[in-house]
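Notes follow the structure.
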2 protein chains.
Amino acid sequence: MKIIVLGGDGYCGWATSLYLSGKGHAVTIVDNFLRRQWDHELGAQTLTPIAPLSDRLRAWYRRTGKTIDLAVGDVADYDFLYTTIKSCQPDAIVHFAEQRSAPYSMIDRKHAVFTQVNNVVGTLNVLFAMREAAPDCHLVKLGTMGEYGTPNIDIEEGYIKIEYNGRSDVLPYPKQPGSFYHLSKVHDSHNIIFCCKIWGLRATDLNQGVVYGTVTDETALSEELVNRFDYDDVFGTVLNRFCAQAAIGEPLTVYGKGGQTRGFLDIRDTVRCVELACLNPANRGDCRVYNQFTEQFSVLDLALKVQEAGKHLGLQVDIDHLQDPRVEAEAHYYNAKHSKLIDLGLKPHFLSDSLLDSLVNIAIQYRDRIDASLMMPQVNWRQPKNERRLQVSLPPIPAAVETHVEVRAKTKRG
Amino acid sequence: MKIIVLGGDGYCGWATSLYLSGKGHAVTIVDNFLRRQWDHELGAQTLTPIAPLSDRLRAWYRRTGKTIDLAVGDVADYDFLYTTIKSCQPDAIVHFAEQRSAPYSMIDRKHAVFTQVNNVVGTLNVLFAMREAAPDCHLVKLGTMGEYGTPNIDIEEGYIKIEYNGRSDVLPYPKQPGSFYHLSKVHDSHNIIFCCKIWGLRATDLNQGVVYGTVTDETALSEELVNRFDYDDVFGTVLNRFCAQAAIGEPLTVYGKGGQTRGFLDIRDTVRCVELACLNPANRGDCRVYNQFTEQFSVLDLALKVQEAGKHLGLQVDIDHLQDPRVEAEAHYYNAKHSKLIDLGLKPHFLSDSLLDSLVNIAIQYRDRIDASLMMPQVNWRQPKNERRLQVSLPPIPAAVETHVEVRAKTKRG
């Protein structure tokens, strides 16, 4: 298939682009490198050193003989996006090109507005460009399980049949997103459903859980193909962050009681789910929703697992319960359905001891690159404006970093 | 009370500002006159000639001795909005300052993006400004009944108790908005609920039905206080448009079968509902939702009522069923609850023969200002780009207008 991957230089986007190319699809990456820009803004770096995209693409060609096309530009720039889609005439567009961090969206008003405008306008542009230039193309859009929040009833895949006062209807599942970022995804979902209805577009909204891991068969082929591994408090997903903390002897930062339960998946399942969606396109006029995760864990479950994995590797791992910087239930009912991708053929990689060991080992391998000052949460949901952390030079000067963290985060250090 | 009315120069905003001022509240209007700008863009004018806002405010003072403050600026300009709210320290902010036309939002991509960015960013700015400058203030936000769409179950006021698989929860009512404009209001609703939750703000989301009428006790005091009366296909609400069509012998333009059923209310109830919401603020942390309408009608019901009113006044009124330019159900179940404002004391003005006669009479009074070329729908939901109508000079040249309409709308004329 001809597939455009919007945001193909990011964490999930890069792994997906390589996987799809490896499977023989003709892949075009669209990216404007904004994700790399945010690293500079935050003074953070991926744990794993990643090469510039042009080097990555050359390395992929050298290793596999396969080419991936690249169009550098912003999905918020309609002329660029329209031209790219019109000339490529893709069978599917995989849309990762959004600001995807909840804490980033909660820094202050400008970051909230940026996140919502960037994500909503980007997706509107994709929808209009499909309607105008490739109406039969299938949109595979990355949503998030966070759109649902934590309702006290079972979470279905996108829609729910409601029986009420003797009548019934199948309606979009009610959404209770927990950050300006998650809200932007809810806005997208409503816009996509509408455009499928009025224009007969086809779309699959993948409500993805929290992704962990970094290695896929393809990224393992060469040092230059290595994927991002974010461990900072803003872009680091929770399990990756815990592994980095374990590797340098920092306590794992559990927010509140740690009873927050979410859906999780291995990045090797992310890439497979996206391919399954592409291979099985939605019907014209349909906006399907798949819940894309394989297992549910509470945050404390994960911390205990990392602690256990640390023991195997001879690491002493403490667990800190910090005051939750987010406004969320710290213990709640959670039962989210996720059978549709399994029905299409997904064979999950469940979280195993060996995977955890390998994740912690990756963190150990790159431990010299870890900046301990990036671990403590600095964005508080309750504040309309969060001061940005002072950027310290790398490698960190231990004393200065300690002092800085002490003053700003007021929490005990391991 | 000290009340800021955002968008106080518009149709509902102006009537509300005068009503609240008349009741003794200290009113500050915030407006950037974008609504007047859209008239120029579309080549349309309100049926009733409206004075510049400064003249309106002076006339109000001359008639009543009451002053209304004015801050000219854009709610999308945060510095302006923050400063205004900080210095005013209002008890309530009534937020009408959004692009409120569904057809306008459906003209093309730029209008869709403008509508969503303008409305979403404006409301985010209001929420941040409240949090930063007036956290105890009560937001009274104009939403729309169109957020719900036309589900096959009863529509509740904002939230619904769902019993599912043996468990239950009260969740936001599922939304199925029918235009990029209606979508923007759904986005706002989710953002408001979230900010009330994380910051303890108080808000009332008034999901308003279709408003009709133009005269209130206050606007009737002087020619310079007269309110807008939009009859064009883009900004004209359906009943007002039908009255204008009846007045000049044009057929009433019913879209499709006319079975589209909606909630309606008299503008005299709009202003009272807003005051009731202000006088009974939500609790801190609560986002209440009130469905603000008084009666349900189908579009065909209304056309038949206007036809009947025309007969009383000696007018021959035909009804045309045009192909529906919108993508919507032309016949459907509709039962929307609307008891909460009644419980607070609203005494509805129901749609009566005498009100209809007076509406048609207003249209007759100003019939020389009616441009017949503005009546036919020119924005088709199915198209991603709708050509703008050629602007004709006023008064219309009948032959030219006829030809233009024939070619563009391909429908029989009365």
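Keep in mind it's a predicted model, so treat the numbers as computed, not measured. Because only heavy atoms are used, hydrogens play no part in the values below, and waters and symmetry mates are left out as well, while side chains stay in. Residue numbers start from 1 in every chain, and the chains themselves are labelled A, B, ... in the order their sequence lines are given, proteins ahead of strands.
When heavy atoms are compared at a cutoff of 4.5 Å, B:Ile160 approaches chain A solely by way of its side chain, counted from C-beta outward. Contacts between A:Met106 and chain B at a heavy-atom distance below 4.5 Å involve the side chain alone, from C-beta outward. Contact annotation for A:Ile198: both backbone and side-chain heavy atoms come within less than 4.5 Å of a heavy atom of chain B. If you measure heavy-atom distances from B:Leu124 to chain A, the contacts under 4.5 Å come from the side chain alone.
Nearest heavy-atom pair across B:Phe293 and B:Gly263 is CD1-CA, 3.4 Å. Closest of all the heavy-atom pairs between A:Val75 and A:Gly122 is CG2-CA, 3.8 Å. Considering all non-hydrogen atoms of both residues, B:Ile4 and B:Pro90 come closest at CD1-CG, 3.8 Å.
Here the CD1 atom belonging to B:Ile162 is positioned 4.5 Å from the CD1 atom belonging to A:Ile153, to the nearest 0.5 angstrom. Expressed to the nearest 0.5 Å, how far CG of B:Leu201 lies from CZ of B:Phe194 amounts to 11.0 Å.
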Polar pairs (donor with acceptor) under 3.5 Å from chain B to chain A:
unit_1	atom_1	unit_2	atom_2	d
B:Arg109	NH1	A:Asn125	OD1	2.7
B:Gln116	OE1	A:Asn191	ND2	3.0
B:Gln116	NE2	A:Asn191	OD1	3.0
B:Asn125	OD1	A:Arg109	NH1	2.7
B:Arg131	NH2	A:Arg382	O	2.9
B:Asn152	N	A:Asp169	OD2	2.7
B:Asn152	O	A:Arg167	NE	2.8
B:Asn152	OD1	A:Arg167	NH2	2.7
B:Asn152	ND2	A:Ser168	O	3.2
B:Asp154	OD2	A:Asn165	ND2	2.8
B:Glu156	OE2	A:Tyr164	OH	3.0
B:Tyr164	OH	A:Glu156	OE2	2.9
B:Asn165	ND2	A:Asp154	OD2	2.8
B:Arg167	NE	A:Asn152	O	2.8
B:Arg167	NH2	A:Asn152	OD1	2.7
B:Ser168	O	A:Asn152	ND2	3.2
B:Asp169	OD2	A:Asn152	N	2.7
B:His187	NE2	A:Asn191	OD1	3.3
B:Asn191	OD1	A:Gln116	NE2	3.0
B:Asn191	OD1	A:His187	NE2	3.3
B:Asn191	ND2	A:Gln116	OE1	2.9
B:Trp199	NE1	A:Trp381	O	3.2
B:Trp381	O	A:Trp199	NE1	3.2
B:Arg382	O	A:Arg131	NH2	2.9

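Ranked by non-hydrogen atom pairs under 4.5 Å with chain B, the options A:Pro174, A:Gly166, A:Gly149 are led by A:Pro174. Comparing B:Pro151, B:Pro177, B:Cys195, B:Pro172 by heavy-atom pairs within less than 4.5 Å of chain A, the highest count is held by B:Pro172.
Side-chain contact between A:Cys137 and A:Ile85 is absent, with no heavy-atom pair separated by less than 4.5 Å. No side-chain heavy atom of A:Val120 sits less than 4.5 Å from a side-chain heavy atom of B:Val120. For the pair B:Val126/B:Leu139, a side-chain contact is recorded, criterion being any heavy-atom separation below 4.5 Å from C-beta on. Under the 4.5 Å side-chain criterion, counting only non-hydrogen atoms from C-beta, A:Val30 is in contact with A:Phe80.
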